[in-house]
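Indexing begins at 1, ligand by ligand and atom by atom, following the structure's order. Note: hydrogens, waters and symmetry copies are ignored here, and every other heavy atom, side chains too, is used. Predicted model, so just to flag it, every value in this text is computed and none were measured. In this chain, numbering begins with 1 at the start of the sequence shown.
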Amino acid sequence: MKKKIKNLVVGSGLSGAIIAERIASILGEEVLVIDRRNHLGGNCFDYFDNNKICIHKYGPHIFHTEIEQVWQYLNNFTKFNNFEFKPQVIIDGKPCTLPFNLNTLHQVFEKSKADFLEKKLVQKYGKNGKISILELKNEGDKDLKELSEFVYKKVFEGYTVKQWGLKPEKIDHSVTARVPVMISCDDRYFQDKYQGIPENGYTKMIENILNHPKIEIRLNVDFHQSDFEYEKLFFTGAIDEFFGYKFGKLPYRSLHFDIEEKNTEYFQNAAMVNYPCDFDFTRITEHKYFLGTKSPKTVVSYEYPQEFELGKNERYYPISNPENQALYEKYLQEAKKLKNVYFLGRLGDYKYYNMDLTVERALNLFKGVK
Ligand code: FAD
Ligand code: UDP
């Protein structure tokens with residue numbers, strides 16, 4: 001007879017690692033973690049190349065949070081460096097500050113116009129205020145409306161069409177609101193109290209989380225092609241796939257990366273440079289910036305958004321809209337009928353979680369299960 005596994009965790013990304021660690025450490029129970037990829041870490045996976053540069057294989061990952069319990073938890077497994085993310089965006093061929101802020105205003109307009117607009121923005125939204133591009137577009141003031149059209153065209157429209165295949169008005173507003181227009185001179189992409197990169201990389205951090213005598217990890221194992229018997233299942237894969245797509249497929253956006261080594265010390269002036277209006281890629285990431293690696297060479301990745309196609313590429317972004325949410329709700333109702341089966345993570349919950357919300361979700365789910 002087959003041995004029944006006490007706790008089976010599907011997926012060794014952040015969600016899977018954390019739920020496994022909590023069960024092993026707090027409940028003292030055995031956990032088997034499986035992943036169908038040949039590495040652990042999910043989309044946070046990174047690796048060190050020949051130049052000792054840490055490459056974020058699935059796109060640039062910068063940790064940032066305001067959530068105390070998340071920060072405390074992760075600090076048990078890694079130290080974070082003090083990296084602050086200050087990306088750039090190409091506007092009319094010139095690298096400018098992103099998010100669009102008061103410094104960007106002065107980079108793109110001559111002084112008297114920039115001063116004039118700055119005054120209006122501060123009057124309307126207050127110093128250090130912020131406003132999403134779609135809200136700014138509804139502005140009644142003629143000059144601010146004109147500014148919003150400029151920022152919309154130069155920063156958001158082309159990028160969003162490449163990223164989502166849709167214009168900003170056609171996607172959930174929360175998506176473009178992730179990168180608001182900032183009425184400040186703070187050039188950081190994130191304003192959170194805590195931010196940084198794990199000083200030995202994300203993979204090492206996740207290895208540390210999983211490093212427990214009660215946790216076993218098996219890679220290259222697909223849940224859907226196995227027949228484990230388990231008491232409890234924690235599933236961080238796609239919820240629609242779990243149910244055999246019985247109500248239809250939940251749409252995702254995917255990405256393709258061209259990773260290139262360049263024979264030069266630095267390729268660009270920032271860890272990430274966005275190209276809203278030119279080329280088919282959305283952004284170029286230069287990886288050596290994250291850990292401040294010194295090397296005569298550098299490595300960059302060009303990021304090309306594409307539709308998610310089953311069997312062809314990976315799921316990266318759930319696409320939030322009322323129709324997809326309604327489809328997800330159907331799966332959620334099915335999930336609720338199951339005993340001792342729990343869904344979590346970007347794919348299990350079909351939510352555009354940043355890493356901190358992924359961690360919080362796993363920690364809170366564990367508290368509920370316990
Ligand atoms: P995943 O990382 O997707 O892990 C799920 C795992 O389950 C995968 O390893 C998969 O192989 C495995 N799996 C799925 N189905 C099966 C199956 N049937 N059998 C076995 N294994 C299975 N967050 C930030 O906070 N800051 C950032 O800068 C940031 N940048 C990002 C950039 C990009 C391009 C993307 C896509 C995401 C970014 N994120 C960022 C979000 C971050 O990647 C997620 O929050 C996090 O990876 C979610 O972890 P997860 O474990 O839920 O999912
Ligand atoms: N966005 C944009 N131009 C930019 C940066 C972002 O239009 O230069 C929009 C785009 O719709 C994108 C969203 O803002 O999908 C969120 O950007 P973020 O950088 O948070 O995306 P992620 O890192 O999650 O891919």
Side-chain angles (χ1 to χ4, degrees), residues 8-19 33-45 56-65 70 85 87-91 96 98-100 132-134 151-152 154-164 166-168 171-180 189-190 192 195 197 202 206 218-226 235-239 241-242 252-255 257 271-277 282-283 285 290 301 303 305 314-318 343-349 351-359 361-362:
L8 178 63
V9 173
V10 178
S12 66
L14 255 191
S15 302
I18 291 168
I19 199 74
V33 179
I34 59 166
D35 201 302
R36 65 182 168 200
R37 295 187 191 174
N38 62 4
H39 60 73
L40 50 77
N43 285 350
C44 296
F45 174 75
H56 293 194
K57 178 169 178 182
Y58 300 96
H61 277 71
I62 298 89
F63 185 79
H64 57 103
T65 193
V70 167
F85 194 34
Q88 296 181 328
V89 59
I90 304 294
I91 299 179
C96 298
L98 181 74
F100 196 100
S132 75
I133 186 60
L134 293 178
V151 179
Y152 178 87
K154 303 286 182 182
V155 178
F156 286 92
E157 189 181 31
Y159 189 103
T160 302
V161 168
K162 282 191 264 185
Q163 174 69 19
W164 299 99
L166 292 167
K167 288 197 176 195
I171 61 171
D172 197 280
H173 286 192
S174 63
V175 175
T176 45
R178 287 167 61 92
V179 190
Y189 208 49
F190 307 115
D192 303 57
Q195 38 193 304
I197 311 279
Y202 289 95
I206 292 176
R218 289 191 212 158
L219 299 175
N220 302 303
V221 178
D222 190 331
F223 174 75
H224 301 295
Q225 280 158 25
S226 342
F235 192 81
T236 77
I239 189 166
E241 187 176 341
F242 182 90
Y252 281 90
R253 215 52 194 154
S254 188
L255 297 170
F257 294 95
M272 184 178 93
V273 180
N274 288 6
Y275 290 80
C277 299
T282 46
R283 54 192 184 186
T285 299
F290 295 130
S301 49
E303 193 166 327
E314 294 284 348
R315 295 172 170 96
Y316 283 81
Y317 299 91
F343 293 84
L344 67 160
R346 249 199 191 195
L347 310 176
D349 290 338
K351 289 210 173 60
Y352 191 168
Y353 288 141
N354 281 335
M355 287 181 278
D356 63 336
L357 293 187
T358 299
V359 175
R361 165 71 174 138

Worksheet entry | Contacting atoms of ligand 1, where contact means under 4.0 angstrom from a heavy atom of Thr236 | 5 (C), 7 (O)

Worksheet item: With a 4.0 Å heavy-atom cut-off (strictly under), which part of Glu157 contacts ligand 2: side chain, backbone, both or neither?
Response: neither

Worksheet item: Considering only heavy atoms of Asp222, which atoms of ligand 1 have at least one such atom less than 4.0 Å away?
Response: 17 (C), 18 (N), 19 (N)

Worksheet item: Is Arg315 salt-bridged to Glu241, going by a charged N under 4.0 Å from an acidic O?
Response: yes

Discussion item. One pair to check against ring-ring contact (aromatic ring centres under 6.0 Å, His included): Phe290 and His61. What are the steps and the verdict?
Written reply: CA-CA 9 Å; Phe290 295 130; His61 277 71; 9.1 Å; no

Worksheet item: Can you tell me if Val221 has a non-hydrogen atom under 4.0 Å from ligand 1?
Response: yes

Worksheet entry | Gly13 neighbourhood, listing ligand 1 atoms whose heavy-atom distance to it stays under 4.0 Å | 4 (O), 51 (O)

Item to complete: Look at the rings of Tyr58 and His39 and say which category their plane angle falls in: under 30° parallel, 30 to 60° tilted, over 60° perpendicular.
Response: tilted

Worksheet item: What atoms of ligand 1 come within less than 4.0 Å of a heavy atom belonging to His224?
Response: 18 (N)

Discussion item. Taking only non-hydrogen atoms of Tyr353, do any sit less than 4.0 angstrom from ligand 1?
Written reply: yes

Item to complete: May I ask you to list the atoms of ligand 1 that are less than 4.0 angstrom from any heavy atom of Cys44?
Response: 47 (O)

Worksheet item: By number and element, which atoms of ligand 1 are closer than 4.0 Å to a non-hydrogen atom of Val10?
Response: 16 (C), 17 (C), 19 (N), 20 (C), 21 (N), 22 (C)

Discussion item. Within the 4.0 Å heavy-atom shell around Gly237, which atoms of ligand 1 are there?
Written reply: 14 (C), 15 (N)

Worksheet item: Does any N or O atom in Tyr317 lie less than 3.5 angstrom from one in ligand 1, N or O only?
Response: no

Worksheet item: Looking only at protein heavy atoms, which one is nearest to atom 21 (N) of ligand 1, and how far off is it?
Response: Arg36 N, 3.1 Å

Item to complete: Specify side chain, backbone, both or neither for Pro60, according to which of its non-hydrogen atoms lie closer than 4.0 Å to ligand 1.
Response: backbone

Worksheet item: Going by the order shown, which atoms of ligand 1 are within less than 4.0 Å of some heavy atom of Gly11?
Response: 6 (C), 7 (O), 12 (C)

